[in-house]
2 protein chains.
Amino acid sequence: MLQKEKPTIMDIAHMSGLSKGTVDRVLHNRGEVSRKSYDKVMSVIKELGYEPNVFASALARGVSPRIAVLIPEYGPGSYWELALMGIGKASDTIGPLGVDTELFQYNPSDAASFQDACNRLLASSPSGVVVAPMFRLGVQMLTAELRRKSIPYVFFDTKQDDEGYLAYFGLPEYKSGYLCADQLTIDRSASEVLVVRIKRDPFRQSDPTIIRRAGFLDYMHEHYPDCTVRSLFIDPDDPVRTDQELNSFFEAFPGTTHVAMFNSRIYLIAPWLERHPAQVRRVVGFDNLTANLNALSRGTVSALIAQHPDEQVAMGIQALFDFIVLGKKPLRRDNYMHMDILTRYNIESY
Amino acid sequence: MLQKEKPTIMDIAHMSGLSKGTVDRVLHNRGEVSRKSYDKVMSVIKELGYEPNVFASALARGVSPRIAVLIPEYGPGSYWELALMGIGKASDTIGPLGVDTELFQYNPSDAASFQDACNRLLASSPSGVVVAPMFRLGVQMLTAELRRKSIPYVFFDTKQDDEGYLAYFGLPEYKSGYLCADQLTIDRSASEVLVVRIKRDPFRQSDPTIIRRAGFLDYMHEHYPDCTVRSLFIDPDDPVRTDQELNSFFEAFPGTTHVAMFNSRIYLIAPWLERHPAQVRRVVGFDNLTANLNALSRGTVSALIAQHPDEQVAMGIQALFDFIVLGKKPLRRDNYMHMDILTRYNIESY
DNA sequence: ATTTTTTCCGTTACCGTGCACGGAATTCAA
DNA sequence: TTGAATTCCGTGCACGGTAACGGAAAAAAT
């Protein structure tokens, strides 16, 4: 199928007996065109299969979008650091096309800090925004303002009730809990299971682990109704205390052979597990943090379910780029991305 | 970090007291510039941190690259059909940027057909080529010709000894065999294992399953030295015969509880397995063909290891685009992509 | 010293769109 | 019927870079 010369806006102008100015007005339907001319131009466009030259268009418009990304502050090796890598990846792809990405961060345990970040973000008046919603109310205010300024925004990681978002990139949370249970019990020997959970500050509004837990429990109920599932709450900032908690738990329930966590902090219990190698048969957690990958390659953790926040932000940025620069809406609004099963034998390819 | 006005080629011309023609000659170093002027321009470029506007550049050059893809003919639901979907995906992304992709196919069991496809491809004089090497000799001739015409090309799926390829996208084959063994024996109950293999025509030159098999056997030897691994060869075009072969195999070795295949054809033995549900505990194969996914969701197949040829071609096309249009070489030449573990609980996200 | 060649550089016409501006044609008001 | 207000449309420049063309200056040949 040979591709002949692409028709230009001038071809259309000639064929419809009008000028390129009129054609341009039709293309961006900004009025000032008679019904007759409009129809004529439209028919010619369809006939020739005209497609605008994005290079010329972008050049003429002088686009140089700045895309703002709003995520929590992160420590080294944390979940959000992965997201940051995605920003870098996206910058590499579309950076040469004149796109700048700007990062705004906040303290996840301080609503005022979030407000502050929002204000700074809005003050920079970006062309598009990528957000990981954490404070429901704060995000609502932010998106309302963005809509008012008609700045497109996408969500990733967590979705939020909202009308105007351009796209969402995240995980099917319920399914991920289900999958977690399957990976945990794949050796068919589970009878007593421990789920380690984090003591959450009550202000935390959107917690994906709640839904994951639901999927996990449903799986267990369906496949292993006789299996006992127990919870243990730990404080992520107090390793000594965590150690004690684990000690006393396994003292009370020595038959526990399988351990799962629904957040990215499985590395917190890796030290204990390594000091008691005979106790546990399978351990499953979430997310490919460096610490988790280390535990995985040492065999302490059996499997990780990875959601690749880097890909999520990258796709979010890409979607904004397509929309702003190329004028293309995303194919799907809600994009549930793949969850990958990581074992010690396939981590190297990540 | 506010981004001020990007310097243009004119800014550089002014600052160096020369004209934009000279600056352009320096930028594309095509000579006709005195040493003195060259140095002057270069220093100004560095000083201002000049970066060319790709939109203007592409527009002026009138780029409309045609990228040729060379793969075998495929039946519906086959491995190569997945690759084709990647072409569609890539077209969606860079199609609006004026890129055309053209497909060339050949009969994988007919070397003459391959030659023919190569000739047609060369005759179309594309701006870049994506190849899945199958006939070693034929590919060598093709790439030699491409190098002569200085047309960039990338490999995917299989790599080939070759000097001039721009990039390669594929799977770490050895590791994939290792991973396959791990997934097969994850229930720790394997003592007799069956590996189903395809009777290959001898002309077939590059067969990734050989290396996969090596990885598989190494894993088994390391982790389950007492486990017996047997092979059974089947003819992919003769389902009746396959059925008989399986019957007599399991009659001879009724203790066989685990089955693996190293190619994408695990669906071939799914019917037999479904008629003998009690016989086998775990079944592991490769690649997310529709037929395989069906078997997976029915529970006939326990896990699939997917290499996503669609992503591989898409990245190949992307790499060519970056190189041709944006003038960017790929970061890495050999790109070993992730292998994903698919179970019935995470297939929906793919 | 004059002609020829070479080296080097500026000028200029695009590439295809976007958009401001101004003017012609039409309609409305008086 | 005339002036004003709309409606509608064409013209022309800008965007930043590419590359052909031609000419001035310097070097080489006569």
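For the numbers below, each heavy atom of this structure counts, side chains included, while hydrogens, waters and symmetry mates do not. Each chain gets a letter, A, B and so on, in the order the sequences are listed, and its residues count up from 1.
- Of all the heavy atoms in F104(B) and A68(B), the pair that sits closest is CE1-CB, 3.6 Å.
- Nucleotide dG16(C) holds its C1' atom 15 Å from the CG atom of L48(A), rounded to whole Å.
- Listed pair S19(B) / dG10(C) meets the phosphate criterion, a side-chain N or O lying under 4.0 Å from OP1 or OP2.
- Within residues 39-47 of chain B, no residue has a heavy atom under 4.0 Å from DNA chain D.
- Comparing dG18(C), dC9(D), dT18(D) by their nearest atom to the side chain of K20(B) picks out dT18(D).
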Full working for salt bridge (Lys or Arg N to Asp or Glu O under 4.0 Å) between D24(B) and K20(B): CA-CA 6 Å; D24(B) 185 64; K20(B) 62 176 187 158; over 6 Å; no

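- Between the CZ atom of F55(B) and the C1' atom of dG16(D) there is a distance of 12 Å, rounded to whole Å.
- Side-chain to base pairing of R25(A) with dG10(D): one donor and one acceptor N or O lie within less than 3.5 Å of each other.
- Residues C118(B) and L70(B) share a closest heavy-atom pair of SG-CD2, 4.2 Å.
- The CG atom of D11(B) sits 13 Å away from the C1' atom of dC15(D) (whole-angstrom rounding).
- Distance from the side chain of T22(A) is smallest to dG10(D) among dG18(C), dG10(D), dT18(D).
- Taking every heavy atom of both residues into account, P72(A) and M134(A) meet most closely at CG-SD, 3.4 Å.
- One atom, CG of N29(B), and another, C1' of dT18(D), lie 15 Å apart when rounded to the nearest Å.
- Comparing dG17(D), dC8(D), dC8(C) by their closest approach to the side chain of E32(B) singles out dC8(C).
- Comparing atom distances between the A60(B) side chain and each of dC8(D), dC15(C), dT17(C) picks out dC15(C) as nearest.
- Checking dC19(C), dA20(C), dG17(D) against every side-chain atom of R61(A), the shortest atom distance belongs to dC19(C).
- OP1 or OP2 of dC9(D) sits under 4.0 Å from a side-chain N or O of S37(A).
- Look at Y38(A) and you won't find any side-chain N or O under 4.0 angstrom from OP1 or OP2 of dT7(D).
- For the pair D334(A) and Y168(A), the tightest heavy-atom approach, listed with the atom from each and the gap, is OD1-CB, 3.6 Å.
- Contacts of D24(A) with the nucleic acid, taken as non-hydrogen atoms under 4.0 Å apart, include base atoms.
- Among the nucleotides dG16(D), dG18(C), dT18(D), the one closest to any side-chain atom of L59(A) is dG16(D).
- The ring-ring contact (aromatic ring centres under 6.0 Å, His included) check on F155(A) picks up Y153(A), Y165(A), with sequence neighbours excluded.
- Residue M10(B) contributes atom CE, which lies 12 Å from atom C1' of dA14(D) at whole-angstrom precision.
- The CD-P distance, from E51(B) to dG16(D), rounds to 15 Å in whole Å.
- In this structure, R35(B) reaches neither bases nor backbone, as no heavy-atom distance under 4.0 Å exists between it and the strands shown.
- When distances are taken from the side chain of L18(A) to each of dG17(D), dG10(D), dA19(D), the shortest belongs to dG10(D).
- Checking G17(B) against A56(B), the closest nucleotide of DNA chain C that is more toward the 5' end is the one next to G17(B).
- Among the nucleotides dG16(C), dT18(D), dC9(D), the one closest to the side chain of S34(A) is dC9(D).
- Interface remark: the R30(A) side chain does not form any donor-acceptor pair with the dG18(C) base, using a distance-only criterion of under 3.5 Å.
- A salt bridge between R25(A) and E32(A) is absent, with no side-chain N of the basic residue lying under 4.0 Å from a carboxylate O of the acidic one.
- Residue H28(B) places none of its side-chain N or O atoms closer than 4.0 Å to OP1 or OP2 of dA19(D).
- Expressed to the nearest 0.5 Å, how far CG of D162(A) lies from OG1 of T143(A) amounts to 4.0 Å.
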